[in-house]
Visitor: 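Structure below; questions to follow.
Hydrogens, waters and symmetry mates play no part in the numbers below; they use all other heavy atoms, side chains included. Heads up: numbering here begins at 1 and tracks the sequence.
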Amino acid sequence: MRLDPDDPRPPFQQVAAQLRAAILTRKFAPGEKLPSGPELAKTFGVARQTIQQAIRILRDDGLIVSRQGSGVFVREKTARPVGLRPHIEEAFKRSEVSIDFAGFSGETLHGAVMEALDNIRAGRLTPERISIRLLLPDTNRPWSLPAGWTTGRMSRCSGSVLKRSSPGTLRPSWTRCMS
């Protein structure tokens with residue numbers, strides 16, 4: 001595992017992305033112990049603090065757990081509810097990549113595409129053409145709601161909150177949702 005000197009992201013984000021990819025593709029199996037901090041620092045050629053920052057990101061994403069005195073382990077359940085990643089991985093293996101995406105925000109697609117983009121930067125994938133079309137709602141216009149939606153309720157949506165602004169409409173609030 002190596003860092004890409006042409007990647008504009010800080011080293012800790014590159015390390016986190018590569019470890020995330022290894023976890024999600026089962027190179028590190030659920031329950032498996034990750035290499036120690038010093039081992040990862042040597043593997044990536046970075047400082048231990050960089051590894052600690054990357055580990056913090058993966059822990060916050062719910063992919064790993066730290067056990068005091070035992071190490072860092074891949075969480076038993078690391079599957080994401082939206083099965084987008086395998087389809088994205090398959091699409092990027094082709095010479096011509098074409099993706100049509102519809103959603104409330106591009107955040108879901110962004111997360112799924114990052115690994116493929118890392119592989120392109122590293123030269124492991126070499127598509128000749130990439131076409132990505134996004135269908136996203138206009139956040140300046142009211143959104144329709146299903147009948148029966150009641151006043152004052154909120155619904156989670158892709159990490160965002162949709163708030164009722166008037167009968168039959170939603171306006172997105174892009175602040176982070178409370179758990």
Visitor: Among Thr43, Leu58, Ile57, Ile51, which one satisfies side-chain contact (heavy atoms from CB on, under 4.5 Å) with Val15?
Guide: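 That would be Ile51; it is the only one of Thr43, Leu58, Ile57, Ile51 passing the side-chain contact (heavy atoms from CB on, under 4.5 Å) with Val15.
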Visitor: Honestly curious: do Val65 and Leu40 fall in one hydrophobic cluster under the side-chain, below-4.5 Å linking rule?
Guide: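 No, Val65 and Leu40 fall in different hydrophobic clusters.
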Visitor: Looking at Asp118 and Arg20, is any side-chain nitrogen of the basic one under 4.0 Å from a carboxylate oxygen of the acidic one?
Guide: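 Not counted as a salt bridge, because no side-chain N and carboxylate O are separated by less than 4.0 Å.
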Visitor: Between Ile130 and Ile99, is there shared hydrophobic-cluster membership here, with clusters defined by ILVMFWY side-chain heavy atoms closer than 4.5 Å?
Guide: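 As far as the 4.5 Å side-chain criterion goes, Ile99 and Ile130 are connected within one cluster.
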Visitor: Which residues pass the side-chain contact (heavy atoms from CB on, under 4.5 Å) test with Ala47, sequence neighbours left out?
Guide: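 Thr50.
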Visitor: If only atom types and distance count, is the side chain of Arg48 paired as donor or acceptor with the main-chain N or O of Gly37 below 3.5 Å?
Guide: no
Visitor: Going by the side-chain contact (heavy atoms from CB on, under 4.5 Å) test, name the single residue among Leu19, Val74, Leu24, Ile55 that passes it with Leu63.
Guide: Leu24
Visitor: How long is the span from the CD atom in Glu128 to the CZ atom in Arg94, to the nearest 0.5 Å?
Guide: 14.0 Å
Visitor: Quick one: pull up CZ in Arg9 and CE in Met114 and give me the separation to the nearest 0.5 Å.
Guide: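 Interatomic distance, Arg9 CZ to Met114 CE, rounded to 0.5 Å: 4.0 Å.
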Visitor: Using a strict cut-off of less than 4.0 Å between a Lys/Arg side-chain nitrogen and an Asp/Glu carboxylate oxygen, indicate whether Lys42 and Glu39 qualify as a salt bridge.
Guide: no
Visitor: So, using side-chain contact (heavy atoms from CB on, under 4.5 Å) as the criterion, who are the partners of Glu115 when residues are at least two apart?
Guide: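 For Glu115, the residues satisfying side-chain contact (heavy atoms from CB on, under 4.5 Å) (neighbours in sequence not counted) are Ala21, Thr25, Arg85, Glu89, Asn119.
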Visitor: Work out which heavy atom in Ala91 is nearest to a heavy atom in Val97; give both atom names and the distance.
Guide: O-CG2, 3.4 Å
Visitor: When rounded to the nearest 0.5 angstrom, what distance separates CZ in Arg56 from CD in Gln53?
Guide: 6.5 Å
Visitor: How does the hydrophobic cluster around Leu135 look, that is, which other residues are in it when side-chain heavy atoms under 4.5 Å mark a link?
Guide: none
Visitor: Got a sec: does the CD of Gln52 have more than 12 other heavy atoms crowding it under 6.0 Å?
Guide: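 Yes - once you tally the heavy atoms of other residues, nucleotides and ligands closer than 6.0 Å, there are more than 12.
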Visitor: Linking I/L/V/M/F/W/Y whenever their side-chain heavy atoms sit closer than 4.5 Å, directly or via other members, would Val113 and Phe101 fall into one cluster?
Guide: yes
Visitor: Looking only at heavy atoms, which two atoms of Asp4 and Gln14 are closest? And how far apart?
Guide: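 Residues Asp4 and Gln14, closest heavy atoms: N-OE1, 2.9 Å.
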Visitor: Between atom CZ of Phe73 and atom CD1 of Ile64, what is the distance when rounded to the nearest 0.5 Å?
Guide: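 These two atoms lie 11.0 Å from each other.
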Visitor: For Ala116 and Leu125, which heavy atoms make the closest approach, and how far apart are they?
Guide: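 Ala116 and Leu125 have their closest heavy atoms at O-CD1, 4.0 Å.
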Visitor: When you look at Phe92 and Ile120, which way does the side chain to side chain contact (heavy atoms under 4.5 Å, CB included) test go after all the steps?
Guide: CA-CA 9 Å; Phe92 274 89; Ile120 290 170; 3.8 Å; yes
Visitor: CZ of Arg133 to OG of Ser131: how many Å apart, nearest 0.5 Å?
Guide: 6.5 Å
Visitor: Of the non-hydrogen atoms in Ala54 and Ala16, which two are nearest, and what is the gap between them?
Guide: CB-N, 3.7 Å
